[in-house]
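Worksheet: one structure, shown below.
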Amino acid sequence: MTKTDRAPSRAQAQFLTVLSREEAAARFAAALRPAPLRRVSLPLAEALGRPLAEDVRAAVDAPPFDRSGVDGFAVRAADLADASEAAPVTLLLNDEVIACGVAPTIAVAPGSATPIATGGPIPRGADAVVMIEHTGPVETPGGPGVAVRRAPNPGQFVAFAGSDIARGETLLRAGTVIGAREIGMLAAVGIAEVAVFDRPRVAVLSTGDELVAPGTPLGPAQIYDSNGPVVAAAIAENGGAPVAYGAVPDDEAALEAALRRAHAECDMVVLSGGTSKGAGDLTYRIVGRLGAPGIVAHGVALKPGKPLCLAVCDGKAVVVLPGFPTSAMFTFHDMIAPVLRALAGLPPRAEGTVSARVPVRIASELGRTEYVMSALVQGADGLVAYPTGKGSGSVTSFSQADGFLAIEALADALPAGAEVPVRLLTPQVRVPDLVIAGSHCTGLDAVIARLPGLTARVIAVGSLGGLAAAKRGECDLAPIHLLDPKSGTYNTPFLAPGLTLVPGWRRMQGVVFRRGDARFEGRDARAAIAAAKADPSCLMVGRNQGAGTRILLDGLLAGARPDGYWNQPRSHNAVAAAVAQGRADWGLAIAPVAEAYGLGFLPLSEEQYDFALVETRRDRPGVAAFLAALAAPETMRALAALGFTPAPRS
Ligand code: AMP
Ligand code: MG
């Protein structure tokens, strides 16, 4: 091979100038100089959550006049200097009652008092208020009077004008984000409209021939555009006004037209997708043509998120997020949200950091700072950060994370047990009331649905992962379905000291096939498998090592490896999807999943899905509630309706 043979292609050349995260952010900021865009005047009711564009001064005092803080009598304190329980002092009542909203007309002369309500204006001459509780009515020769049993200090129960807010005082400073309290202050000084920074209008586009808007049915090979809605929501969360432009095919003319329109109509453009090599060329070429200076960073040394592209075109930020949902969400959060907040006039997001231990070794790519989305649970001694990663193609690894931890570019792994800082995605961590780590089953949802008011976190780490977490005391319960091939029994042989088995339910496993397939329809499961094994046109789908269903499958195949055996997905659902879509003709899955996919089903044997309970956690309220819900007759009925057989209870 000569040197020129190895010259990078145009598409690969795109990634040759991979920048560090800091360098990319610095170049973006230098080209954009993000600052609030415009100011608008808004009625108070619409100003919630907006940053003030200028200082607000009070034009009036609050309260606007001296007013009474209690129901009682406006008096002159000097008249009552000698009043006591034993020797009350009698005052003559003036002929008016000062209610709220009533301006006094009679001055309080020495020896007199005026009845006054809370909030009523203090009349001329009075300098204190006595509570009605410390008085009693009396008749005096001069007319109705009041006997006062306490000596007030001057100023008692008088709220003086301007004591709350003084006229001319700076009430709120520019940049303050308006919340309910600020609205209260503004209304108290009579302000009906405030100048706030306008929300930047941010165009949201997705690109991909495979994308379909949520709400419409999926065709073959199509996926829902999840980035569009999630990016729009993240924009709104960070002070922007998202403008949806939908999903555009990977077509140069269509994409260019959409991007030009979005760039002309909005303050900023966020596109996701079109970042894989080849297709990527197209997106970047178009972005490069939108205006000067164009692309300032393309390829950032972070994972997820390497294909991130940052551009500034005619003063407007244009961003291409990676198509993979977790990459898109993470890069938005990390690199784009701070810029958007600056454009919106909002302060940087207050992000907390907590320290947590990683329960498993996490491998990492050398040369890129890797961010690992993590869910936090309470371990025996401190927080534990569970990676939620199912790869950057997953939507849930970001959505179910409480925060993320970083693995430095120069490390190839984070060892199990390492204590690391976790940057929170939300201002505070809410440790769940119940942590279930292990194998997921749709039946689990039927139990959790019966735990009102409790937050349960389910971490799908498979049966063995769940058992390991339970042994380390990092979860309350581990749902498992592990067959011990030697004894032929489920689950019990796998328990360790400190773990108790709580019976769950039975799941019928069997052969799944497309309805009407004569090779399976109406036949006995074992006979059908024997025939399928011998038929080279009959394609199967296998299961991953470690799955209970895999052990059953291997037993049935008795060493045979029919075509399709090495296609080994990790779940019952994936097996059913492969058969339903014609990628395979048969496989093993559980009955409720066959039903959900509209597949035929030939029963084979029941699998036991039980819970390994961490004994020391049995009395926690969340665990006790779960165990009660599991045993409740309604739960049993719900499980049966889903196709599960609740286990007999001792
Ligand atoms: P791309 O950057 O276009 O090469 O996309 C990388 C991966 O992300 C592919 O699997 C795409 O199908 C997926 N993807 C791209 N855009 C979206 C989107 N808007 N919503 C969900 N997945 C997407
Ligand atoms: Mg694409």
Side-chain angles (χ1 to χ4, degrees), residues 9-15 18 24 202-236 242-259 262 269-288 295 297-300 302-311 318-336 365 368 371 373 388-401 569 574 577 581 583:
S9 71
R10 276 254 315 280
Q12 285 165 329
Q14 294 288 345
F15 288 116
V18 170
V202 186
V204 182
L205 296 87
S206 304
T207 180
D209 293 335
E210 73 282 26
L211 301 177
V212 178
T216 39
L218 278 184
Q222 293 186 321
I223 62 167
Y224 285 118
D225 171 14
S226 60
N227 289 349
V230 78
V231 167
I235 285 168
V243 184
Y245 285 78
V248 187
D250 292 314
D251 165 83
E252 181 148 12
L255 191 55
E256 176 150 11
L259 277 172
V269 179
V270 180
L271 169 74
S272 71
T275 53
S276 58
K277 291 177 186 173
D281 249 355
L282 173 77
T283 320
Y284 307 130
R285 269 206 312 273
I286 299 170
V287 169
I295 294 173
H298 176 205
V300 183
L302 45 88
K303 185 179 179 180
K306 186 173 170 185
L308 177 68
C309 173
L310 306 172
V318 178
V319 171
V320 185
L321 301 177
F324 278 127
T326 283
S327 311
M329 288 181 245
F330 178 73
T331 46
F332 182 89
H333 175 89
D334 196 47
M335 306 282 289
I336 313 305
E365 187 183 319
R368 281 159 79 189
Y371 296 92
M373 303 302 141
T388 54
K390 298 181 187 169
S392 48
S394 116
V395 186
T396 50
S397 63
F398 187 89
S399 318
Q400 293 180 350
Q581 292 162 9
R583 199 162 112 66

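In listed order, ligands and their atoms are each counted from 1. One-based numbering along the sequence shown.
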All N/O donor-acceptor pairs, side-chain side in residues 216-224, below 3.5 Å, sequence neighbours left out:
unit_1 : atom_1 : unit_2 : atom_2 : d
T216   : OG1    : A213   : O      : 2.5
Q222   : OE1    : G219   : N      : 2.6
Y224   : OH     : T216   : O      : 2.7

Is S226 close enough to touch ligand 1? Criterion: a residue heavy atom under 4.0 Å from a ligand atom. yes
Separation between CD1 (I295) and CG (L310), nearest 0.5 Å, reads 9.5 Å
Below 4.0 angstrom from a heavy atom of T275, which ligand 1 atoms are there? Numbered from 1 as shown, please. 1 (P), 2 (O), 3 (O), 4 (O)
Which one holds for D250 and ligand 1: side chain close, backbone close, both close, or neither close, with close meaning a heavy atom under 4.0 Å? neither
Here the atoms of ligand 1 under 4.0 Å from any heavy atom belonging to D225 are 18 (C), 19 (N), 20 (N)
Under 4.0 Å from any heavy atom of I223, which atoms of ligand 1 are there? 12 (O), 21 (C), 22 (N), 23 (C)
Taking T388 for the side chain and M373 for the main chain, is one N or O donor matched with an acceptor at less than 3.5 Å? yes
Ligand 1 N/O within reach of G273 N/O, cut-off under 3.5 Å: no
Are the side chain of D250 and the backbone of G274 linked by a donor-acceptor contact shorter than 3.5 Å? no
One finds that the ligand 1 atoms under 4.0 Å from a non-hydrogen atom of S206 are 19 (N)
Using a 3.5 Å cut-off on N or O atoms only, is G228 in polar contact with ligand 1? no
G274 N/O to ligand 1 N/O under 3.5 Å: yes
Do L255 and L271 have side chains that approach each other closer than 4.5 Å (heavy atoms only, starting at C-beta)? yes
So, the side chain of S206 versus the backbone of S272: is there a donor-acceptor pair under 3.5 Å, distance only? no
With sequence neighbours excluded, tell me which residues meet side-chain hydrogen bond (donor to acceptor under 3.5 Å, both in side chains) with Y245. E265
Show me which atoms of ligand 1 lie under 4.0 Å from any heavy atom of E210. 11 (C), 12 (O)
Measure the shortest side-chain to side-chain distance between Y284 and C309 over non-hydrogen atoms and say whether it is less than 4.5 angstrom. yes
Quick note on ligand 1: atoms under 4.0 Å from a heavy atom of Y224 include exactly 20 (N), 21 (C)
